[in-house]
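Notes for the one structure printed next.
Residue numbers run from 1 in the order of the sequence given. Everything numeric in this text was worked out from a predicted model, so none of it was measured.
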Amino acid sequence: MNIRISSVVNDSIVDGAGLRLAVFTQGCYHNCPHCHNVHTHDPQGGKDTDTDKIVALIAENPILDGVT
């Protein structure tokens with residue numbers, strides 16, 4: 001299955017508890033005040049990625065505490 005993403009951060013320590021893999025999806029319509037990810041709003045931005053590739057990234061890193 002494909003998902004439109006803005007980016008993936010393999011080793012985030014600011015997006016939840018512990019060491020995390022953070023997946024930033026693309027196409028947000030909330031328009032929250034002071035959003036620090038405005039580049040993710042455009043539904044045509046980012047890139048299509050197969051979710052199997054993201055799952056593989058998770059499996060390759062045994063020290064992750066979670067996924068955000």
Side-chain angles (χ1 to χ4, degrees):
M1 175 173 62
N2 277 10
I3 184 172
R4 184 162 288 277
I5 65 166
S6 172
S7 63
V8 173
V9 177
N10 292 316
D11 55 358
S12 174
I13 59 170
V14 296
D15 292 303
L19 183 65
R20 306 186 72 79
L21 182 126
V23 180
F24 292 92
T25 58
Q26 186 72 32
C28 181
Y29 297 103
H30 295 287
N31 295 312
C32 298
H34 311 292
C35 174
H36 66 277
N37 291 315
V38 293
H39 62 281
T40 66
H41 293 188
D42 181 4
Q44 302 304 313
K47 60 183 176 185
D48 278 333
T49 301
D50 192 311
T51 54
D52 289 339
K53 291 181 180 179
I54 296 171
V55 170
L57 285 174
I58 297 165
E60 290 171 5
N61 191 342
I63 64 170
L64 286 177
D65 293 303
V67 178
T68 300

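- Residues I3 and I54 meet the side-chain proximity criterion, which asks for heavy atoms closer than 4.5 Å.
- Checked against side chain to side chain contact (heavy atoms under 4.5 Å, CB included), H30 has the following partners two or more places apart in sequence or in another chain: C28, C32.
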With a 3.5 Å cut-off and sequence neighbours excluded, list the donor-acceptor pairs that the side chains of residues 56-66 form with protein atoms.
unit_1: N61; atom_1: OD1; unit_2: I63; atom_2: N; d: 3.2
unit_1: D65; atom_1: OD2; unit_2: L19; atom_2: N; d: 2.7

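- For D48, the salt bridge (Lys or Arg N to Asp or Glu O under 4.0 Å) partners are R4, not counting sequence neighbours.
- Atoms NZ and CG, from K47 and N2 in turn, are 12.0 Å apart once rounded to the nearest 0.5 Å.
- Between G45 and Q26, the closest heavy-atom pair is O-CG, 3.2 Å.
- Following chains of ILVMFWY side-chain contacts shorter than 4.5 Å, one can reach I13 starting from V67, so the two form part of one hydrophobic cluster.
- For the pair C35 and V38, the tightest heavy-atom approach, listed with the atom from each and the gap, is O-CG1, 3.6 Å.
- No single ILVMFWY cluster, assembled from side-chain heavy atoms under 4.5 Å apart, contains both L21 and F24.
- A side-chain donor-acceptor contact under 3.5 Å links T68 to the backbone of D15.
- Judged purely by atom type and a 3.5 angstrom limit, T40 uses its side chain to pair as donor or acceptor with the backbone of N37.
- Rounding to the nearest 0.5 Å gives a distance of 9.0 Å between NE2 of H39 and NE2 of H41.
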